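Only one structure is covered here, and it is reproduced in the block below.
Hydrogens, waters and symmetry mates play no part in the numbers below; they use all other heavy atoms, side chains included. Labels below follow one simple rule: chain letters A, B, ... track the order of the sequence lines, proteins then strands, and each chain is numbered from 1. Everything numeric in this text was worked out from a predicted model, so none of it was measured.
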2 protein chains.
Amino acid sequence: MSPQAEPGAGSKPKRSSGRRPSLTREEILAAALAIVDEGGLDALTMRAVADRLGVYPNAVHWHMGSRSGLIGAVSTKVFDEIRLPPQRDVPWPDWIRAMAREIRRVMRRHHHLAQVIGTQLVTTTGAMPFVERVLSVLTDAGFDDERLTVAYNSVIGFAIGWPALELSTEPTDQHSAWKDDFAAELAGLNPLLFPALTRAMPAVRNRAYLLRWDSGATEPLDTSFEFALDILVAGLGAQLPG
Amino acid sequence: MSPQAEPGAGSKPKRSSGRRPSLTREEILAAALAIVDEGGLDALTMRAVADRLGVYPNAVHWHMGSRSGLIGAVSTKVFDEIRLPPQRDVPWPDWIRAMAREIRRVMRRHHHLAQVIGTQLVTTTGAMPFVERVLSVLTDAGFDDERLTVAYNSVIGFAIGWPALELSTEPTDQHSAWKDDFAAELAGLNPLLFPALTRAMPAVRNRAYLLRWDSGATEPLDTSFEFALDILVAGLGAQLPG
DNA sequence: ACCTGAACACCGTTCAAGT
DNA sequence: ACCTGAACACCGTTCAAGT
């Protein structure tokens, strides 16, 4: 059950045959992405990347500078997978919806990186085509210079922040007993102290924030996301003059 | 400049005088909270907590089970600080606003824990009074059983997810040159390729998601948050019958 | 410039032993 | 039950040395 299943991991790097071509940054990021998708962020160690590439740890260190630098760099790869819908002749509410769904889709594909994207400053010009499109759509919708920034932040804050919370990771260790424990605690709440919660319990248990024990990675909150998206678009429209 | 400034850190635990009273879970969590507030999540090690309390690392381990268990436990302490506004005779939009501002306030107070709350499953019955109030307010507002869950998730998803993204932490290492580098990259973007972004640049540089290099912990996005809050309340109201 | 090979300081966790 | 004292396996990073 341990993440590192490879026999002989940690041993000396073994080249399969002859000289490998010079190590490249893209090669490192691809290996890192594979590791984090498989084993989570904790599994992404410099040594794991080095092992996978058949080099010494310092080879990775030389290219990436540090582990946190590696994590930051690999998190930007998620933005490369964003495929935005065409903008021409599409009403802005439809475009905003499609954009938010696409963000959520790529974050779900790399849900272990969602916590990095959601809580660590990501600075990459690779996201600029995406940013340009969002600003363009909001400008065309009628948000002028002052309100453009706040509208943009409202939209992006939702589009990234909401799925990041949805895709919260489960605790790494534990003996899986905590799930049953928490479920039992919820079932044992005093109905007199928590009347609204008790009434809603069948609908919310394991399906609502602060009341669930499974991650959105395995138990998606689809209808809630769509509802929140409706709220965003309707509320945004209400801010437009006219 | 190193986080551990204490001389003799890592040395044998030194009791100041006589026998300390038996170590308690609350005592450990208080020490852990102080450490993470001062030095960030990376500084929160079992040994740092042990050093601060004058015990051996295994004493902490015995009480908390694991480091990730410690992190999860200390993150729930943030919910203890939530002081919700009274509910009687307050229109639901006002209450939702006050609640969201309060969540953001306590997350800001412990902004290094925002990344835990925003991206790790937090299961604590200590948050149930808070949950009860939110469900109660939304029920009174007119959201029935089916729509109550999705409305609740929409609201909480915003109230926690948005500040979590705002409070994104800066990379730990680096030589602070990356800030200037990123600023220069933004300034050097081709205006023909990014017309909307170029036009908006004076307003958005370091003030908008994906375009900033300072965390919301030091550069708050106050007006954007209030704007997003307006959107949430207006959009939520539009979902009510009548 | 790019990487090997080895070392250092640190950390989470485990273990036997004490009380 | 609660903690000491020491050990183990692992990790990020550094360093000298090679090419």
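- In terms of phosphate contacts, B:H63 brings a side-chain nitrogen or oxygen within less than 4.0 Å of OP1 or OP2 of D:dC3.
- The phosphate of C:dG5 has OP1 or OP2 within less than 4.0 Å of a side-chain N or O from A:Y56.
- Straight-line distance from the CG atom of A:D42 to the C1' atom of D:dA9: 16 Å, rounded to whole Å.
- Between A:S22 and the phosphate of C:dC3, there is a side-chain N or O to OP1/OP2 separation shorter than 4.0 Å.
- Annotated stems with DNA chain D as a participant read C:4-8 with D:12-16, C:12-16 with D:4-8, given as range with range, by first number; only runs of 3 or more Watson-Crick or G-U pairs under 3.5 Å qualify.
- You'll find that the side chain of B:A59 is closest to D:dC3, out of D:dC3, D:dT13, C:dT13.
- Atom CG of B:L44 and atom P of C:dC10 are 18 Å apart (whole Å).
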CA sep, side-chain torsions, deciding dist, call: A:E170, A:R212, salt bridge (charged side-chain N to carboxylate O under 4.0 Å, His left out):
CA-CA 11 Å; A:E170 308 182 12; A:R212 61 187 181 145; over 6 Å; no
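- When the P atom of D:dT13 is taken as reference, atom CZ of A:R67 falls 9 Å away, rounded to whole Å.
- Looking only at distances, no side-chain donor or acceptor of A:D37 sits under 3.5 Å from a matching main-chain atom of A:H112.
- In this structure, A:N153 and B:A208 approach most closely via the heavy-atom pair OD1-CA, 3.2 Å.
- Taking the six-membered ring where tryptophan is involved, the planes of B:Y209 and B:W162 are perpendicular, since the angle between them exceeds 60° and thus also 30°.
- Minimum atom distance to the side chain of A:P57 is reached by D:dT13, of the listed D:dC2, D:dG12, D:dT13.
- In this structure, A:S22 and A:E27 approach most closely via the heavy-atom pair O-OE1, 4.0 Å.
- With rounding to whole Å, B:R25 atom CZ is found 13 Å from D:dC2 atom P.
- With hydrogens and angles disregarded, no donor-acceptor distance shorter than 3.5 Å links the side chain of B:T125 to the backbone of B:M128.
- Atom-to-atom, NE2 of A:H61 to C1' of C:dG5 comes out at 16 Å; the value is rounded to the nearest Å.
- Here C:dA9 presents its C1' atom at 11 Å from CZ of B:R47, a figure rounded to the nearest Å.
- Remark: P of C:dC15 and CH2 of B:W62 are 17 Å apart, rounded to the nearest angstrom.
- Nearest nucleotide to the A:N58 side chain, out of D:dG5, C:dT13, C:dG5: C:dG5.
- In this structure, CG in B:L165 is found 8.0 Å from CG in B:L210, a value given to the nearest 0.5 Å.
- Look at CD on A:E27: it is 14 Å from C1' on C:dC3, rounded to the nearest Å.
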